[in-house]
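Below is one structure; the comments refer to it alone.
Small disclaimer: the values here were computed from a predicted structure and weren't measured.
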Amino acid sequence: MATVSLKHLRKVYPNGHVAVVDASFEVADGELLVLVGPSGCGKSTLLRMIAGLESISSGTLSIGPREVNSVLPKDRDIAMVFQNYALYPHMTVAENLSFGLKLRGEPEATIAARVAEAATMLELDKLLDRRPAVLSGGQRQRVALGRALVRQPQVFLLDEPLSNLDAKLRMSMRVEISRLHRRLGATMIYVTHDQIEAMTLGQRIVVLKDGAIQQIDTPMALYSRPANLFVATFLGSPGMNMLRGRLLDGRGWVLDIGEGNRVPMPGAMLPPGWHGREIVVGVRPEHLLPVAAAESEGSFAPEVEVVEPVGNEVFLYLRLGSLALVTRAPPERHRVAPGDHLPLKLAVAQLHFFDPETGLRIDPVA
């Protein structure tokens, strides 16, 4: 396997559209790194630049010790798995798996051994004589993975490989890919727009927006310490609540969100110099805590609009004036109905503060 190093990579199309602004990061040998962001953010373009399927406007790309800016895709020693599987419909599973090796002129014994190993690893050994048309979506995706696997490349590139699968199958394939990565110790770069896929698969995540990198970190570091408003709202399901208002100091800190509504923040560690100024306070749904009426001092009580049970928990969609909020609760503890007012407190140690003008994170001073 090998490292992949990007230094100030940029992609500008002839019409002037900048698809990748200035990408610099390194994928460690054996790492599974995920590129995530909304549609059109440049993640697939960046992956295709690594693969050699898109030209590089400027910057340097290296795989291992070798700069590969001008190296043809077939000579980069990478294997790519596509969203649409890209299988040959007239070939059997075995023929699809072996095709790339035959083009490279590998010995028949080597081809047979690698195909057998990949088929066993991906539970395709009973499907080798079938053609893609009779396979399920999950089976086709395993064939696509196997075709990359038999090549034994330095780097695996996966471009939204699970987006055509239903939710249950996506979950099982995520486990399959994670298991495969651990077994191979392979360097993998994985593109997705699904933040749950990114959080569950990636050892590190690169978050992109409009072609620019917003933050690179481990999944839990991104979740617990987002660098800006975009990362804070993009990662997490449901997303982070954003309370925009003015910090005031009365008998303890409150956030005045307008229309006569105030959210108490007793004991909160606040960033200095923001008293009386507009600020954005972020709070995850699990840190918006329902409290009993008898314990309601220092709480606020938005109106319940929608109750959404999802089995092991309930999502409660709330409104305080024009502010929409969501919290999560165990189903057996908080039985409320639309129209009820639910007393809530903020888990003040878990609050996030952002500059409303720049969107950047503001850290309190201990």
Side-chain angles (χ1 to χ4, degrees), residues 1-11 19-38 41-54 56 59-68 73 76-83 144-145 148-149 152-163 170 173-209 211-227 230-231 234-235:
M1 300 304 163
T3 59
V4 179
S5 179
L6 288 71
K7 295 181 180 178
H8 305 293
L9 231 58
R10 183 176 173 86
K11 175 64 181 181
V20 176
V21 177
D22 182 12
S24 295
F25 58 86
E26 184 168 293
V27 188
D29 188 355
E31 182 178 16
L32 199 168
L33 180 123
V34 175
L35 307 178
V36 69
C41 72
K43 55 189 183 296
S44 288
T45 301
L46 189 53
L47 194 76
R48 290 172 63 84
M49 291 164 75
I50 297 170
L53 303 177
E54 289 278 0
I56 296 171
T60 304
L61 171 66
S62 299
I63 298 176
R66 181 176 62 147
E67 182 183 315
V68 296
R76 295 193 180 194
D77 200 9
I78 55 96
M80 193 160 181
V81 180
F82 296 92
Q83 176 181 348
L145 284 169
L149 188 61
Q152 299 182 350
Q154 290 194 83
V155 180
F156 290 85
L157 306 177
L158 299 95
D159 190 7
E160 305 224 32
L162 309 184
S163 60
R170 278 203 307 272
M173 286 303 300
R174 285 203 306 266
V175 173
E176 194 74 47
I177 290 171
S178 185
R179 185 182 294 124
L180 186 65
H181 174 256
R182 287 197 307 273
R183 182 169 176 177
L184 297 175
T187 305
M188 291 185 176
I189 304 175
Y190 187 106
V191 160
T192 181
H193 65 275
D194 185 330
Q195 53 95 11
I196 294 176
E197 264 181 42
M199 293 287 289
T200 54
L201 273 174
Q203 293 174 309
R204 284 191 306 148
I205 299 173
V206 179
V207 184
L208 290 133
K209 178 191 177 190
I213 294 174
Q214 304 297 302
Q215 191 173 357
I216 305 174
D217 217 323
T218 64
M220 290 314 300
L222 291 173
Y223 188 80
S224 60
R225 193 177 167 77
F230 176 78
V231 177
F234 187 78
L235 295 177

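In this structure the side chain of Leu162 never reaches within 4.5 angstrom of the side chain of Thr192, judged on heavy atoms. Residues Leu201 and Ile177 meet the side-chain proximity criterion, which asks for heavy atoms closer than 4.5 Å. Arg225 is not listed as a side-chain neighbour of Asp217, based on a closest heavy-atom distance of 4.5 Å or more. Proximity of Val4 to Ile78: side-chain heavy atoms (C-beta onward) are nowhere separated by under 4.5 Å. Contact annotation: the side chain of Phe156 never approaches that of Val81 to less than 4.5 Å [non-hydrogen atoms, C-beta and beyond]. No side-chain heavy atom of Ile189 sits under 4.5 Å from any side-chain heavy atom of Leu46. A heavy-atom distance below 4.5 Å is found between the side chains of Leu61 and Ile50.
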Exercise for review: Using the side chain to side chain contact (heavy atoms under 4.5 Å, CB included) rule, take Leu158 and Met188 through it: C-alpha gap first, then chi angles, then the decisive distance, then the call.
Suggested key: CA-CA 8 Å; Leu158 299 95; Met188 291 185 176; 4.2 Å; yes
Exercise for review: Show your reasoning for whether side chain to side chain contact (heavy atoms under 4.5 Å, CB included) applies to Asp194 and Val36.
Suggested key: CA-CA 7 Å; Asp194 185 330; Val36 69; over 6 Å; no
Exercise for review: Show your working on side chain to side chain contact (heavy atoms under 4.5 Å, CB included) between Leu222 and Gln195 and close with a plain yes or no.
Suggested key: CA-CA 11 Å; Leu222 291 173; Gln195 53 95 11; over 6 Å; no
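Under the salt bridge (charged side-chain N to carboxylate O under 4.0 Å, His left out) criterion, Arg179 pairs with Glu176, not counting sequence neighbours. A search for ring-ring contact (aromatic ring centres under 6.0 Å, His included) contacts involving Phe234 returns Phe230, not counting sequence neighbours.
Closest approach of Thr45 to Ala19, counting heavy atoms only: CG2-CB, 4.0 Å. When every heavy atom of Leu53 is checked against every heavy atom of Pro73, the shortest pair comes out as CD2-CG, 4.2 Å. A pairwise comparison of heavy atoms in Lys11 and Met49 identifies CB-SD, 3.7 Å as the closest pair. Shown here for Val191 and Ser44, the closest heavy-atom pair between the two residues is CG1-OG, 3.7 Å. In this structure, Leu47 and Met80 approach most closely via the heavy-atom pair CD2-CE, 3.7 Å. In terms of heavy atoms, Ala2 sits closest to Gln154 at CB-OE1, 3.0 Å.
For the atom pair His193 NE2 and Ser163 OG, the distance stands at 6.5 Å (nearest 0.5 Å). Atom OH of Tyr190 is separated from atom CD1 of Ile205 by 12.0 Å, given to the nearest 0.5 angstrom. Atom CZ in Arg76 sits 6.0 Å away from atom CD1 in Ile63 (nearest 0.5 Å).
Proximity of a side-chain donor or acceptor of Gln215 to a complementary backbone N or O of Val207 within less than 3.5 Å is not detected. When atom types are taken as modelled, the side chain of Lys43 and the backbone of Gly37 share a donor-acceptor pair closer than 3.5 angstrom. Under the 3.5 Å distance criterion, the side-chain polar atoms of Arg174 are left unmatched by any main-chain donor or acceptor of Thr200. Using a distance-only test at 3.5 Å, with no hydrogens or angles considered, no donor-acceptor pair links the side chain of His8 to the main chain of Ser24.
Checking Ser178 against Arg182 by side-chain atom types alone, a donor-acceptor pair falls below 3.5 Å.
A salt bridge (charged side-chain N to carboxylate O under 4.0 Å, His left out) check over residues 22-36, counting only residues at least two apart or in different chains, returns the pairs Glu31-Arg204.
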